[in-house]
Undergrad: 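Questions regarding the structure given below will be posed in turn.
Just follow the structure's listing: the first ligand is 1, and inside any ligand the first atom is 1. Worth saying up front: this structure is predicted, and the values here are computed from it rather than measured.
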Amino acid sequence: MDTMAFLSILLLLCAFPLSNAVGRLRKFYLIPRNVPTTNTPLNICKLQNYTDFVTVYDEDDNTELYTLISNISLPRSALIGAHTINTNYTSKWSNGDDVTFTQLNETCGGICGAAFRANGSWELLPYSTKIYFICYEEGVGQASDKYILILLNKNWTEAQLYCRKNHNDLVSIRNETENESVKSIIKDSEFNFWIGLLYDNIEWFDGAQSSYRNYSKIPDQEKQTLLTINNSKKTWIQGSKTGSFNALCYKSFIHVSSDEMSWEDAQNYCNSNASGLLQIESQNDQIETERELRRQKIPGPVWIGLRYKFTSGLWIWANGSFVESWINWKGGSQPEHQMSQYCGAIEKVNGVFKLSDKDCGFKFRVLCEKR
Ligand SMILES: *[C@@H]1O[C@H](CO)[C@@H](O)[C@H](O)[C@H]1NC(C)=O
Ligand SMILES: *[C@@H]1O[C@H](CO)[C@@H](O)[C@H](O)[C@H]1NC(C)=O
Ligand SMILES: *[C@@H]1O[C@H](CO)[C@@H](O)[C@H](O)[C@H]1NC(C)=O
Ligand SMILES: *[C@@H]1O[C@H](CO)[C@@H](O)[C@H](O)[C@H]1NC(C)=O
Ligand SMILES: *[C@@H]1O[C@H](CO)[C@@H](O)[C@H](O)[C@H]1NC(C)=O
Ligand SMILES: *[C@@H]1O[C@H](CO)[C@@H](O)[C@H](O)[C@H]1NC(C)=O
Ligand SMILES: *[C@@H]1O[C@H](CO)[C@@H](O)[C@H](O)[C@H]1NC(C)=O
Ligand SMILES: *[C@@H]1O[C@H](CO)[C@@H](O)[C@H](O)[C@H]1NC(C)=O
Ligand SMILES: *[C@@H]1O[C@H](CO)[C@@H](O)[C@H](O)[C@H]1NC(C)=O
Ligand SMILES: *[C@@H]1O[C@H](CO)[C@@H](O)[C@H](O)[C@H]1NC(C)=O
Ligand SMILES: *[C@@H]1O[C@H](CO)[C@@H](O)[C@H](O)[C@H]1NC(C)=O
């Protein structure tokens, strides 16, 4: 690595923490005891004005939730938002991408991951199978650098953890071009490699698409999931349909308006109905914003608290502070204009959320920050 590259990585590390831990836009809460799990439409989290039962997105979430239940009485367990639904198997990419490109429609009778064969075809294997796998690195142009073959035998869950720790995530393949690129880097290997496609019948109450799993045994049908710890073991298990449990809920501090409005009206709306327009202050905020938009299936564009200041030629946040350069602009760099009526929105471009500049008079839904 040359000095410049090293310096810029160092700067990046200083600019924002790499942790995806729950930050200012999403928080966890424990509701103690006596949550009935009988076939009731009652959602205790919503009744208490939280957003929903918690969705576990990654290992940091999982660890924080275990900490939250570490002091409650035995057996230390609490409901999370995962439940199994009959035999309705669905596929999801580890990184949250929409599944638009796959020919797999079989099942493997449990939780499966997709593996890439040397000839390019994909197959489903039980996710406990230990094979090699492929991670990816965002923002790298060349396929040979973007896709990283990891020659370690790991099950799908371990492979996901490994890629998330050391690179971005397990690879997702969104179209024929990417399929061919991955094929070209595994060349004539005789091995199978995990890719980031998970296939199971687990759903999250809040509609999220998280592929993080902490089960130690294959879940049964039609049950809710408990996070349990005792002195010897941390795992997700399934609760019976009767009985009462502690509940783990979360609150999202992102509000999405149902109406569309101009940026100025959006600012008034968020100031009077929330604590202002949403400002994306860090990589963590960006991740939480994307999760919320994916969960609510909103491709955008939606307004955020970002505006172009013609007098200085700079983009500023609604509160007047300048925008850091890390921000994820559509097209790769921040847009410049001769006129001032440009405002910032977030929208999905080729399946990826990017910031973009729009005429402030256009009418979109808006993201506000809740308190
Ligand atoms: C939830 O919010 C509603 C409406 O704001 C309020 O009437 C109710 O008391 C709240 N419930 C709890 C448990 O805080
Ligand atoms: C657990 O209890 C200990 C001792 O009472 C306390 O110091 C700690 O903050 C508690 N942890 C949590 C997560 O509540
Ligand atoms: C704790 O975990 C062990 C090992 O899985 C299990 O045998 C035991 O029943 C658990 N205890 C409680 C109180 O859940
Ligand atoms: C990827 O390409 C191979 C041929 O190189 C093809 O057999 C396979 O079906 C493709 N995968 C998908 C999901 O279309
Ligand atoms: C699903 O499988 C059936 C038969 O096994 C096949 O005819 C069909 O093309 C498959 N669908 C997709 C979307 O791959
Ligand atoms: C790829 O290889 C597998 C077995 O290794 C075979 O079942 C499959 O038909 C092959 N696919 C193509 C497109 O050659
Ligand atoms: C994956 O491997 C880890 C470490 O060996 C193990 O703890 C875990 O239970 C395995 N998961 C599955 C689904 O086999
Ligand atoms: C579940 O998560 C905990 C904490 O992240 C980890 O220590 C444990 O090995 C995981 N268990 C399984 C079965 O994946
Ligand atoms: C605040 O929200 C209410 C209900 O949606 C709406 O009627 C009102 O106009 C909003 N305030 C502003 C300033 O937009
Ligand atoms: C304005 O917002 C930015 C980014 O959200 C934040 O870092 C800064 O502290 C805020 N400044 C003021 C004066 O509130
Ligand atoms: C394939 O997907 C990538 C990533 O979204 C995109 O950049 C590329 O243009 C796509 N290629 C085709 C042929 O659709």
Undergrad: Inspect the contact between Arg174 and Asp98 and indicate whether a charged nitrogen and a carboxylate oxygen are less than 4.0 angstrom apart.
TA: no
Undergrad: Which bit of Asn119 is near ligand 4, meaning a heavy atom under 4.0 Å away: side chain, backbone, both or neither?
TA: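 Within the 4.0 Å criterion, Asn119 contacts ligand 4 through backbone atoms alone.
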Undergrad: Just going by heavy-atom distances, which of Val182, Asn179, Leu197 is nearest to atom 10 (C) of ligand 4?
TA: Asn179
Undergrad: For Glu59, take its heavy atoms, then give the atoms of ligand 8 lying under 4.0 Å from any of them.
TA: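 What qualifies from ligand 8 is 5 (O).
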Undergrad: Looking only at side chains, do Asp60 and Tyr212 share a donor and an acceptor under 3.5 Å apart?
TA: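 Their side chains do not contain a donor-acceptor pair, so the 3.5 Å distance test is not met.
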Undergrad: At less than 4.0 angstrom from any non-hydrogen atom of Tyr215, what atoms of ligand 8 do you find?
TA: 13 (C)
Undergrad: Taking both backbone and side-chain atoms of Asn62, is any N or O found less than 3.5 Å from an N or O belonging to ligand 8?
TA: yes
Undergrad: Based purely on interatomic distance, does Thr102 place a nitrogen or oxygen under 3.5 Å from a nitrogen or oxygen of ligand 4?
TA: no
Undergrad: Please tell me whether His167 and Tyr147 have a donor and an acceptor in their side chains that are separated by less than 3.5 angstrom.
TA: no
Undergrad: Does either side chain, that of Asp200 or that of Tyr127, offer a donor lying less than 3.5 Å from an acceptor on the other one?
TA: no
Undergrad: Give yes or no for whether the N/O distance cutoff of 3.5 Å, strictly under, is met between Asn49 and ligand 1.
TA: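 Yes, there is a polar N/O contact under 3.5 Å.
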Undergrad: Heavy-atom distance from atom 7 (O) of ligand 1 to the protein below 4.0 Å?
TA: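 It does not: no protein heavy atom is found less than 4.0 Å away from atom 7 (O) of ligand 1.
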Undergrad: Verify the contact flag for atom 3 (C) of ligand 1, where contact means a protein heavy atom under 4.0 Å away.
TA: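 There is a protein heavy atom less than 4.0 Å from atom 3 (C) of ligand 1.
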Undergrad: Is a donor from one side chain sitting under 3.5 angstrom from an acceptor on the other, for Asn62 and Trp236?
TA: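 Distance-only check passes for Asn62 and Trp236.
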Undergrad: Looking just at side-chain N and O atoms, do Glu347 and Ser356 make a donor-acceptor pair shorter than 3.5 Å?
TA: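 The answer is yes; a qualifying pair exists.
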